[in-house]
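Contents: one structure, followed by commentary.
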Amino acid sequence: MEMQLPPHEGDELSVVDMHTGGEPLRIILGGYPEVKGDSVLSKRRYVREHLDHLRRMLMYEPRGHYDMYGALIVDSEIPEAHVGVLFMHNEGYSTMCGHAVIALGRFAVDYRLVKEPQSPETQVNIHCPCGLVKAFVEYSNGKTGGVRFLSVPAFAFATDVTVTVEGFGDVTVDVGYGGAFYAFVDAQRFGLDVTKSRTRDLVDAATAVTNAVRSQVKLNHPISDDLAFLYGTILTDGKDDFSSDATSNICVFAEAQVDRSPTGSGVTARVALQYHKGLIQLNQTRTFQSGVTGSQFTGKAVEETKCGDFRAVVVEVAGRAFYTGVSCFVQEPDDELTCGFLLK
């Protein structure tokens with residue numbers, strides 16, 4: 001039987017669903033109203049202030065779930081960008097998302113947002129709220145594969161900072177930037193293991209750290225105040241010294257949302273911290289593993305640079321994304337739950 005939408009009123013919202021390392025990405029193709037603004041950052045402010053009901057509709061139940069993640073394609077003011085993008089999740093709008101960049105790179109080639117794909121790799125310039133990110137998509141015989149991307153300048157914002165965490169006392173954390181700010185701490189500080197402990201316990205510890213850092217550490221970013229907020233906390237296995245073995249972590253971001261992947265922007269920030277501490281050198285590739293799913297990204301610092309007064313590095317992160325389906329969503333006018341809800 002041919003599938004078709006039932007009779008309905010109102011606009012349709014069409015999406016393509018993907019995942020990268022288990023972390024979902026809902027790419028919005030059509031049905032969104034005009035997003036106003038003369039820059040990607042101003043467009044981010046506009047959707048937050050005027051179109052947030054659509055984020056809730058697509059991210060929340062019954063169409064999504066607590067840990068859904070989305071990407072809205074917008075026009076970019078940067079001439080060399082193939083696509084601009086706004087990221088969304090259960091709490092609002094992030095400034096960078098590595099797993100989404102990996103998925104969007106493949107999507108952009110498959111959906112011909114890049115007019116003339118090249119073998120063995122096609123470059124896709126993606127304008128994220130944090131800046132221009134260059135993705136490179138494996139392409140051969142009309143088929144796309146793995147994706148690597150070069151980050152915006154990433155840096156160690158602060159190391160060995162002591163914060164008072166409710167329920168845990170004084171805790172020493174590092175704060176790194178990889179397109180978004182994260183706090184990093186060894187899970188063993190809380191008696192936890194990122195690959196074996198209950199996810200609920202890991203989420204509670206990471207959330208407590210996030211709350212403490214947000215209230216006790218003032219962040220700033222040289223480019224824009226819109227970037228100066230703590231996105232979340234990443235608990236690690238403590239294996240920061242360079243090794244050929246994989247190192248595991250779990251990222252808890254936004255409103256206690258759990259990343260199923262190793263977290264692309266988190267890997268970027270973690271590599272920047274390791275380089276800052278002299279634990280890795282340029283072009284030493286490390287494997288980063290999700291404590292939740294076991295999926296893996298690789299990451300390496302490839303170039304020294306500056307971000308304002310911060311010594312920074314460009315980080316290359318690589319992974320794979322896969323398609324899971326396409327959907328067309330509608331809203332019926334008498335549906336009292338049409339704007340969505342969340343269950344924690």
Side-chain angles (χ1 to χ4, degrees), residues 11 13 15 25-60 64 68-101 103-104 108 113 125-133 151-155 157 175 177-182 210-211 213-215 217-232 253-257 259 263-266 268-269 307-308 310 331 339-340 342:
D11 295 331
L13 285 165
V15 304
L25 183 69
R26 176 161 287 169
I27 304 171
I28 303 161
L29 288 182
Y32 237 75
E34 178 187 2
V35 178
K36 298 180 180 179
D38 57 6
S39 68
V40 167
L41 270 178
S42 65
K43 287 179 170 67
R44 177 175 173 267
R45 289 192 293 270
Y46 181 85
V47 297
R48 187 172 57 201
E49 295 168 4
H50 300 284
L51 299 175
D52 199 52
H53 62 287
L54 294 175
R55 174 188 65 85
R56 297 193 300 271
M57 173 194 168
L58 290 173
M59 298 298 101
Y60 289 8
M68 178 56 74
Y69 206 98
L72 174 63
I73 295 173
V74 296
D75 292 332
S76 166
E77 73 275 17
I78 300 178
E80 62 265 37
H82 293 101
V83 62
V85 62
L86 303 178
F87 304 118
M88 60 184 69
H89 45 70
N90 70 8
E91 183 269 338
Y93 304 88
S94 56
T95 54
M96 172 58 186
C97 181
H99 93 272
V101 164
L104 284 165
L113 301 184
N125 296 333
I126 301 173
H127 187 185
C128 306
C130 65
L132 189 68
V133 175
S151 74
V152 296
F155 55 86
F157 178 82
V175 179
Y177 179 81
F181 283 100
Y182 295 94
T210 295
N211 292 337
V213 175
R214 283 176 177 168
S215 65
V217 179
K218 182 174 177 54
L219 300 178
N220 64 79
H221 192 280
I223 294 176
S224 172
D225 289 340
D226 284 351
L227 305 176
F229 65 95
L230 188 74
Y231 192 28
F253 65 96
E255 188 64 34
Q257 189 163 337
D259 198 329
T263 309
S265 54
T268 301
C307 187
F310 290 101
Q331 291 180 294
C339 288
L342 289 180

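Note: hydrogens, waters and symmetry copies are ignored here, and every other heavy atom, side chains too, is used.
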Side chains of Y93 and K43: closer than 4.5 Å at any heavy-atom pair?
no
Could you work out, with ring pair (Phe, Tyr, Trp, His ring centres under 6.0 Å) as the rule, every residue matching H50, not counting sequence neighbours?
Y46
So do the side chains of I126 and V85 get within less than 4.5 Å of each other, counting heavy atoms only?
yes
Residue pair C128, V40: steps toward the side chain to side chain contact (heavy atoms under 4.5 Å, CB included) verdict
CA-CA 7 Å; C128 306; V40 167; over 6 Å; no
Go through the structure and list residues passing salt bridge (charged side-chain N to carboxylate O under 4.0 Å, His left out) with R44, not counting sequence neighbours.
none
So V15 and I27, do their side chains get closer than 4.5 Å, heavy atoms only?
no
Side-chain donor/acceptor of T95 to backbone N/O of G179, under 3.5 Å:
yes
Apply the test side chain to side chain contact (heavy atoms under 4.5 Å, CB included) to residues H99 and T263: give CA-CA distance (whole Å), side-chain angles for both, the deciding distance (0.1 Å), then the verdict.
CA-CA 6 Å; H99 93 272; T263 309; over 6 Å; no
With sequence neighbours excluded, what pairs up with D226 under the salt bridge (charged side-chain N to carboxylate O under 4.0 Å, His left out) test?
R45
Once rounded to the nearest 0.5 Å, what's the spacing between atom CD1 of I73 and atom CG of L29?
6.5 Å
What is the distance from atom CG of D38 to atom CG of D75, rounded to the nearest 0.5 Å?
12.5 Å
Do S265 and T268 meet the criterion of a side-chain donor-acceptor pair at a distance under 3.5 Å?
no
What are the two closest heavy atoms between A81 and H127, and how far apart are they?
CB-CB, 4.0 Å
Is there side-chain contact between L13 and M57, with heavy atoms separated by less than 4.5 Å?
yes
How long is the straight-line distance from CG of L86 back to OG of S94, given to the nearest 0.5 Å?
9.5 Å
For the atom pair OG (S39) and CD1 (I78), what is the distance rounded to the nearest 0.5 Å?
9.5 Å
Do R26 and Y69 have side chains that approach each other closer than 4.5 Å (heavy atoms only, starting at C-beta)?
no
So, using ring pair (Phe, Tyr, Trp, His ring centres under 6.0 Å) as the criterion, who are the partners of Y182 when residues are at least two apart?
Y231
pair V35-L51: side-chain heavy atoms closer than 4.5 Å:
yes
Within the structure provided, determine whether V47 and D52 are in side-chain contact (heavy-atom separation under 4.5 Å).
no
What is the distance from atom CG of L58 to atom CE of M68, rounded to the nearest 0.5 Å?
9.0 Å
Let's go through L227 and M96 carefully: what are the C-alpha distance in whole Å and the side-chain angles of both, what is the deciding distance for side chain to side chain contact (heavy atoms under 4.5 Å, CB included) to 0.1 Å, and is it a yes or a no?
CA-CA 9 Å; L227 305 176; M96 172 58 186; over 6 Å; no
After noting the C-alpha distance and the side-chain angles of H221 and F155, does the key distance pass the ring-ring contact (aromatic ring centres under 6.0 Å, His included) rule?
CA-CA 10 Å; H221 192 280; F155 55 86; 5.8 Å; yes
All heavy atoms of Y177 vs all of A269, minimum pair found to be C-CB, 3.7 Å
Spatial distance of atom CG (N220) from atom CG (D225) [nearest 0.5 Å]:
8.5 Å
Could I get the full list of ring pair (Phe, Tyr, Trp, His ring centres under 6.0 Å) partners for F229, not counting sequence neighbours?
none
Sequence neighbours left out, what pairs pass side-chain hydrogen bond (donor to acceptor under 3.5 Å, both in side chains) with at least one residue falling in residues 80-91?
N90-Q257
N125 side chain near S76 side chain, heavy-atom distance below 4.5 Å:
no
